[in-house]
Enquirer: 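Below are the structure tokens for one structure; questions will follow.
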Amino acid sequence: MSAAVIDGENGRVLFEKNGNEIRPMASTTKIMTLIVTLENSDTDQLVTISSYASKMPDVQLNVKEHEQYRLIDLIYSMMLESHNDSAVAIAEHVAGSVDGFANMMNAKAREIGLSDTYFITSNGLDATDEQGTHSTTAIELSKIMRYCTMISPQKDKFIEICQTMTHTFSDYTNHRTFTVNNKNKMLTMMDGVLAGKTGFTADAGYCYVVAIEREDKTIMIALLGCGWPSNKNYKWKDTLYLSNLVFDNYQRKQIWTKDEELCPLYIFDGEKNVQLPVGYDETVSLLLCDTDCIDTKVDYYVDAAPIEEGDIVGKISIYVNDALYQEISIYAQETIRKKTLTYYLDKIIHLFL
């Protein structure tokens, strides 16, 4: 089993167990399918079902070749009941093929900053090609959910879809009508669930990823390989345990603010003011528990003129549990000219006069 919990505000890992272990991700894949679709498509468009999409294995909506559906309806089918045929139809519509859509998913993964995630399918079915296996890690899956719910320009629509409990729709000709119901039980098991997605395949086991908001805290939890039949409910229990662990033991604290005073920076060879006024623009807050250790270090790069107002002259390094967390640039708030021959001549003339 792999598990990870991250802080939604900044992506910092709060808890992990085998968090960097690469594993199949099953239908948790579909959160990436959804966000790529929302960012690249008009959801009112009509989708024509291909022969390939209609032949996807369970779980399926049972769409038929040549039928047409609104894209948004197939999205609800994919996210609420995890229908594999809908996911393939979506991919083919958006990118022209599943392979083309996988390329879009992998590009988005790189944009997010992921290095151990690789997509082959849009529905999460187990797959391997010459470049690798359809897989991710618990930490990176939680970062995908963070992007979907907190960073993407389509984050509000993403959350709206994932929180929908039931959706009824028909094909374009109104010959067939469907009702899909949300299988994310965590929506009714606790308050503050923004979005979640389950998954299961023979290789992946039971998987789950969720974003939860409570007061000033937003966290993402990802579970991979969280049991196999008959342990279907492990993912719910583990999610409740991890969410309570974080919400009960972590508090958001300001660890660096704009009111912090910096050590003075003395400048040599300047025409004026041997002490340079400096500033910085960032305030840092983190979810911290009682055992977390915070340390800060201020370093300056320069000690001699000339210096222009706005020049970067140093940095503030913030360490959490001895690991570098963030660096904040320090900039000059004043220009200091270097002493020149003209400067000294002026001083001599002034002295004699």
Enquirer: How long is the gap from OH on Y147 to CD1 on I31, to the nearest 0.5 Å?
Expert: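 Interatomic distance, Y147 OH to I31 CD1, rounded to 0.5 Å: 12.0 Å.
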Enquirer: Within the distance-only criterion (no hydrogens, no angle test), does the side chain of N181 pair as donor or acceptor with the backbone N or O of T166 below 3.5 angstrom?
Expert: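 No, because the side chain of N181 does not come within donor-acceptor range (under 3.5 Å) of the backbone of T166.
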Enquirer: Can T128 and T133 be counted as having a side-chain donor-acceptor contact under 3.5 angstrom?
Expert: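 Yes.
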Enquirer: If only atom types and distance count, is the side chain of D7 paired as donor or acceptor with the main-chain N or O of E9 below 3.5 Å?
Expert: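 It does hold such a pair.
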Enquirer: Are E92 and V98 close enough, and set up right, to give a side chain to side chain contact (heavy atoms under 4.5 Å, CB included), and what steps lead you there?
Expert: CA-CA 6 Å; E92 292 177 330; V98 172; 4.2 Å; yes
Enquirer: Suppose we screen for ring pair (Phe, Tyr, Trp, His ring centres under 6.0 Å). Which residues come up paired with Y234, at least two apart in sequence or across chains?
Expert: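 Counting only residues at least two positions away or on another chain, Y234 forms no ring pair (Phe, Tyr, Trp, His ring centres under 6.0 Å).
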Enquirer: Quick check against the 3.5 Å criterion: does K232 have a side-chain atom that pairs as donor or acceptor with the backbone of P229?
Expert: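 Not confirmed, K232 side chain does not pair with P229 backbone.
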Enquirer: Answer yes when K108 and E111 have at least one side-chain N-carboxylate O distance shorter than 4.0 Å, and no when they do not.
Expert: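 Judged by the 4.0 Å cut-off on N to carboxylate O distance, K108 and E111 do form a salt bridge.
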Enquirer: List the steps, then state whether ring-ring contact (aromatic ring centres under 6.0 Å, His included) holds for H134 with F119.
Expert: CA-CA 5 Å; H134 187 92; F119 294 101; 5.7 Å; yes
Enquirer: Can a side-chain donor-acceptor contact be found between T29 and K197 if the only test is distance below 3.5 angstrom?
Expert: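 No, because no side-chain N or O of K197 sits under 3.5 Å from a partner of the opposite role on T29.
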Enquirer: Can a donor-acceptor pair be found, under 3.5 Å and without considering hydrogens, that links the side chain of E140 to the backbone of T117?
Expert: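 Such a contact is found between E140 side chain and T117 backbone.
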Enquirer: Spell out, yes or no, whether M1 and L224 are grouped together once hydrophobic residues are joined by side-chain heavy atoms under 4.5 Å, including indirect joins.
Expert: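 Not linked; separate clusters.
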Enquirer: Does K143 use its side chain to pair, donor to acceptor, with the backbone of G11 at less than 3.5 Å?
Expert: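 Pair absent, no side-chain N/O of K143 close to backbone of G11.
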Enquirer: Check whether Y331 and I318 end up in the same hydrophobic cluster, where Ile, Leu, Val, Met, Phe, Trp and Tyr are linked by side-chain heavy atoms less than 4.5 Å apart.
Expert: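 Yes; I318 is reachable from Y331 via cluster members.
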Enquirer: Counting C-beta onward and ignoring hydrogens, is there a side-chain heavy-atom pair between R337 and E308 closer than 4.5 Å?
Expert: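 Side chain of R337 against side chain of E308, heavy atoms only: contact under 4.5 Å found.
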Enquirer: Answer yes or no: is there a donor N or O on one side and an acceptor on the other, between the side chain of N123 and the main chain of K30, under 3.5 Å?
Expert: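 Looks like no, no N/O pair under 3.5 Å.
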Enquirer: Hydrophobic cluster membership, with links at side-chain heavy-atom distances under 4.5 Å among I/L/V/M/F/W/Y: are Y76 and V59 in one?
Expert: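 No, it is not one cluster - the side chains of Y76 and V59 are not joined through contacts under 4.5 Å.
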Enquirer: In Å and rounded to the nearest 0.5 Å, what is the CD1 to CD1 distance from I35 to I112?
Expert: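 Here the rounded value is 8.5 Å.
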Enquirer: Does D292 pair with R12 as a salt bridge, N-O distance under 4.0 Å?
Expert: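 R12 and D292: salt-bridged.
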Enquirer: For the pair R70 (side chain) and D44 (backbone), establish whether a donor and an acceptor sit closer than 3.5 Å, ignoring hydrogens and angles.
Expert: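 Here the side-chain-to-backbone pair does not exist.
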Enquirer: Same cluster for L46 and F169 if Ile/Leu/Val/Met/Phe/Trp/Tyr side chains link at under 4.5 Å?
Expert: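 Cluster IDs for L46 and F169 differ.
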Enquirer: Hey, what do you get for CG (L34) to OG (S122), rounding to the nearest 0.5 Å?
Expert: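 Answer rounded to 0.5 Å: 12.0 Å.
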Enquirer: Report the residues that fulfil side chain to side chain donor-acceptor pair (under 3.5 Å) with T173, sequence neighbours left out, ordered by chain and then residue number.
Expert: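 T173 satisfies side chain to side chain donor-acceptor pair (under 3.5 Å) with D171, H175 once adjacent residues are dropped.
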Enquirer: Measure the CE-CD1 distance between M186 and I212 for me, rounded to the nearest 0.5 Å.
Expert: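 It is 6.5 Å, given to the nearest 0.5 Å.
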Enquirer: How long is the gap from CD1 on I161 to CG on D156, to the nearest 0.5 Å?
Expert: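 If we round to the nearest 0.5 Å, I161:CD1 and D156:CG are 11.0 Å apart.
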Enquirer: Main chain of C148, side chain of S152: is a donor-acceptor contact present, judged purely on distance under 3.5 Å?
Expert: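 Pair absent, no side-chain N/O of S152 close to backbone of C148.
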Enquirer: Just by distance, with hydrogens left out, do Y69 and E67 show a side-chain donor and acceptor under 3.5 Å apart?
Expert: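 Short answer, yes.
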Enquirer: R214 vs D191, test: side chain to side chain contact (heavy atoms under 4.5 Å, CB included). Steps then yes/no.
Expert: CA-CA 8 Å; R214 194 172 298 173; D191 294 332; 5.7 Å; no
Enquirer: Please check: side-chain N/O of D85 versus main-chain N/O of N62, any donor-acceptor pairing under 3.5 Å?
Expert: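 Pair found, side chain donor or acceptor close to backbone of N62.
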Enquirer: With sequence neighbours excluded, what pairs up with N18 under the side chain to side chain contact (heavy atoms under 4.5 Å, CB included) test?
Expert: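 If we apply the side chain to side chain contact (heavy atoms under 4.5 Å, CB included) test to N18, skipping adjacent residues, the hits are S2, E21.
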Enquirer: Are a donor atom and an acceptor atom from the side chains of D116 and T137 found within less than 3.5 Å of each other?
Expert: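 No pair is found: no donor N or O on one side chain lies under 3.5 Å from an acceptor on the other.
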Enquirer: Please report the C-alpha distance between N233 and Y206 in whole Å, then the side-chain angles of each, then the deciding distance to 0.1 Å, and finally whether the side chain to side chain donor-acceptor pair (under 3.5 Å) criterion is met.
Expert: CA-CA 9 Å; N233 292 322; Y206 289 110; over 6 Å; no
Enquirer: Thinking salt bridges, do E160 and K155 make one under a 4.0 Å N-O criterion?
Expert: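 So E160 does not pair with K155 through a salt bridge.
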Enquirer: Run the side chain to side chain donor-acceptor pair (under 3.5 Å) test on Q254 and S285 for me, step by step, so that the C-alpha distance in whole Å, both residues' side-chain angles and the decisive distance to 0.1 Å come before the verdict.
Expert: CA-CA 4 Å; Q254 296 278 353; S285 66; 4.9 Å; no
Enquirer: Decide whether D129 and Y118 meet the rule of one side-chain donor and one side-chain acceptor closer than 3.5 Å.
Expert: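 Checked: D129/Y118 side chains pair up, N/O donor to acceptor below 3.5 Å.
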Enquirer: I need the I72 CD1 to S77 OG distance, nearest 0.5 Å.
Expert: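 Here the interatomic distance stands at 11.5 Å.
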Enquirer: I want to check something: taking the side chain as every heavy atom from C-beta on, are T33 and F101 in contact at a cut-off of under 4.5 Å?
Expert: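 Side-chain contact under 4.5 Å: yes.
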Enquirer: Are L276 and I312 in one and the same hydrophobic cluster, where Ile, Leu, Val, Met, Phe, Trp and Tyr link if side-chain heavy atoms are under 4.5 Å apart?
Expert: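 Same cluster: L276 reaches I312 through Ile, Leu, Val, Met, Phe, Trp or Tyr contacts under 4.5 Å.
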Enquirer: Regarding E309 and T335, is there a side-chain donor-to-acceptor distance under 3.5 Å anywhere?
Expert: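 There is no such pair between these side chains.
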Enquirer: Taking the side chain as every heavy atom from C-beta outward, state whether L262 and Y300 have any atom pair closer than 4.5 Å.
Expert: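 Yes, side chains in contact.
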